[in-house]
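Worth saying up front: this structure is predicted, and the values here are computed from it rather than measured.
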Amino acid sequence: MPRNTEQKIKLLVLYDILQKQTDEHHPMTTNELVAALEECGIPAVRKTIYRDIETLNRYGFEILCDKHRSNCYYVADRKFERPEIQVLLQAIGAAKFLTEKKTSVLTLKIAELLGKVQGAEMTGIVTNSGAKSGNEHIYYSIDTVTTALLEQKKLSFLYFDVDLYGNRTYRKNKERYEVNPLGMIYSGEYFYLICYHDKYCDTANYRIDKMDDVRVENTPITERKEYKNFNVNAYRQEIFSMYAGEPKEVEILFPREYVGIIRDRFGDNCYIVSDKDGYIVRTTIRVSKTFFAWLTTFEGKVKIKKPVETKEEFRMFIENIRNTL
């Protein structure tokens, strides 16, 4: 590498070394920095290292010097703190829509934001979900969906299930789905596409890790007034883990000791009144088998008050289960 070129990129390489290999507990001496630069093909001497670090600090790169350790240097200003990185790493590890390979690559990238040593320590305590996706194209599919949303274009794809042996079985005899995208939702450890079809009058949900050959079409979306101000967050709240059903206003009775569960499940999207038996929650949800299954986890302590027909549907749901035992 010509010497002029070496000196032009020297500051960038020096900062990259400090960013990746140092933190307050693991600084580098001047001699170590000189050696690291020489490994990158850039000659340096102790005197120029001092000047280079002064230049970086003058332009806003916070590099501190520990004078108690023979002038050891480390990067102090990082965009993410350790607990923030830990949250991100645990979320990546738990995400089932990521493959083992993508999980590993993304984990290393995120961990490096703390520096080499602390990053290695963080990856050592990350827990991964037992079941991971086998779709290596998930990143590209997410990016394609994002492009369609930003450009307000239709989206097409193949959709598949996975059989007992891990083989893909494509729906609709491998015909392409063409939809109007509304948004993406992360729910139950998977990413979902929220959309609507031209010939149907309701929303549809597709797991992105089960979508194949995803394409942005040249055709603009078919605009409908009912989706003009579509609220993805409200939609996620009401459909209970991505299972569709008829939207209804319901009243549910919770014992007083379940107040935390009310807030965790419904947030501020409900009306709560005190009752002699506990709290009555009034909210709009999509009544489905998933909703009924969620109610059964409370073993009869949480009850549907209104409407009567929904209460009867729940009773029949329980009765059908009992008849199969």
- Task: Under the side-chain contact (heavy atoms from CB on, under 4.5 Å) rule, what do Thr203 and Phe230 come out as? Steps first, then yes or no, please.
- Result: CA-CA 11 Å; Thr203 54; Phe230 184 76; 4.2 Å; yes
Do [X] and [Y] touch side chain to side chain, with heavy atoms closer than 4.5 Å?
| X | Y | value |
| --- | --- | --- |
| Val214 | Leu193 | no |
| Tyr139 | Leu106 | yes |
| Val145 | Leu149 | yes |
| Arg46 | Asn31 | yes |
| Leu182 | Val232 | no |
| Asp198 | Lys154 | yes |
| Asp52 | Leu33 | no |
| Leu155 | Thr147 | no |

- Lys/Arg-Asp/Glu bridge criterion (N-O < 4.0 Å) met for Lys301, Glu257: no
- Item | Ionic contact status for Glu251 with Arg282, cut-off 4.0 Å |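 Yes.
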If every non-hydrogen atom of [X] is compared with every non-hydrogen atom of [Y], which pair is closest and at what distance?
| X | Y | value |
| --- | --- | --- |
| Ala293 | Thr296 | O-OG1, 2.5 Å |
| Met184 | Thr146 | CE-OG1, 3.3 Å |
| Ile17 | Cys40 | CD1-SG, 4.5 Å |
| Tyr159 | Arg207 | OH-N, 3.0 Å |
| Pro255 | Tyr279 | O-CD1, 4.5 Å |
| Glu223 | Tyr196 | CA-OH, 4.0 Å |

So with a 6.0 Å cut-off around [atom1] of [X], is the heavy-atom count from everything else above 12?
| X | atom1 | value |
| --- | --- | --- |
| Lys153 | NZ | yes |
| Glu309 | CD | yes |
| Tyr50 | OH | yes |
| Lys101 | NZ | no |
| Asn218 | CG | no |
| Lys248 | NZ | yes |

- Thr30 and Tyr73: CA distance, side-chain angles, deciding distance, side-chain contact (heavy atoms from CB on, under 4.5 Å) verdict: CA-CA 8 Å; Thr30 309; Tyr73 297 94; 3.7 Å; yes
- Item | Other ILVMFWY residues reachable from Tyr74 by side-chain steps of under 4.5 Å | Leu64
According to a 4.5 Å side-chain heavy-atom criterion applied to Ile, Leu, Val, Met, Phe, Trp and Tyr, with indirect links allowed, do [X] and [Y] form part of one hydrophobic cluster?
| X | Y | result |
| --- | --- | --- |
| Val273 | Leu253 | yes |
| Tyr140 | Tyr177 | no |
| Val105 | Phe191 | no |

Nearest 0.5 Å, what's the [atom1]-[atom2] distance between [X] and [Y]?
| X | Y | atom1 | atom2 | answer |
| --- | --- | --- | --- | --- |
| Lys306 | Ile304 | NZ | CD1 | 14.0 Å |
| Glu62 | Leu56 | CD | CG | 12.5 Å |
| Ile252 | Thr283 | CD1 | OG1 | 7.5 Å |
| Thr22 | Glu32 | OG1 | CD | 10.5 Å |
| Asp66 | Thr29 | CG | OG1 | 12.0 Å |
| Met211 | Ile142 | CE | CD1 | 10.0 Å |

- Message: Please determine whether side-chain contact (heavy atoms from CB on, under 4.5 Å) holds for the pair Lys289 and Phe317, giving the CA-CA distance in whole Å, both sets of side-chain angles, and the decisive distance to 0.1 Å.
- Response: CA-CA 8 Å; Lys289 291 181 179 179; Phe317 176 80; 4.1 Å; yes
- Query: Picking from Arg176, Arg168, Lys174, what satisfies salt bridge (Lys or Arg N to Asp or Glu O under 4.0 Å) with Asp213?
  - Reply: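 Filter result, single survivor: Arg176.
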- Note on the structure: Sorted by chain and residue number, the side chain to side chain contact (heavy atoms under 4.5 Å, CB included) partners of Ala204 (sequence neighbours excluded) come out as Cys195, His197, Tyr206
- Those residues at least two apart in sequence (or on a different chain) that pass side chain to side chain contact (heavy atoms under 4.5 Å, CB included) with Lys303 are none
- Could you walk me through whether Glu319 and Arg322 pass salt bridge (charged side-chain N to carboxylate O under 4.0 Å, His left out), step by step? CA-CA 5 Å; Glu319 189 65 28; Arg322 182 180 294 123; 2.8 Å; yes
[X] side chain vs [Y] backbone, donor-acceptor pair below 3.5 Å:
| X | Y | answer |
| --- | --- | --- |
| Asn320 | Met316 | yes |
| Thr324 | Ile321 | yes |
| Arg256 | Lys276 | no |
| Thr48 | Ala44 | no |
| Asn180 | Thr222 | yes |

- Item | Pair Asp212, Tyr170: side-chain N/O donor-acceptor within cut-off below 3.5 Å | yes
- Task: Could you label the plane-to-plane angle of the Phe314 and Phe292 rings as parallel, tilted or perpendicular, counting under 30° as parallel and over 60° as perpendicular?
- Result: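 If you compare the ring of Phe314 with that of Phe292, the planes turn out tilted.
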- Message: Run Trp294 and Val302 through side-chain contact (heavy atoms from CB on, under 4.5 Å) and show every step you take.
- Response: CA-CA 10 Å; Trp294 177 71; Val302 174; 5.5 Å; no
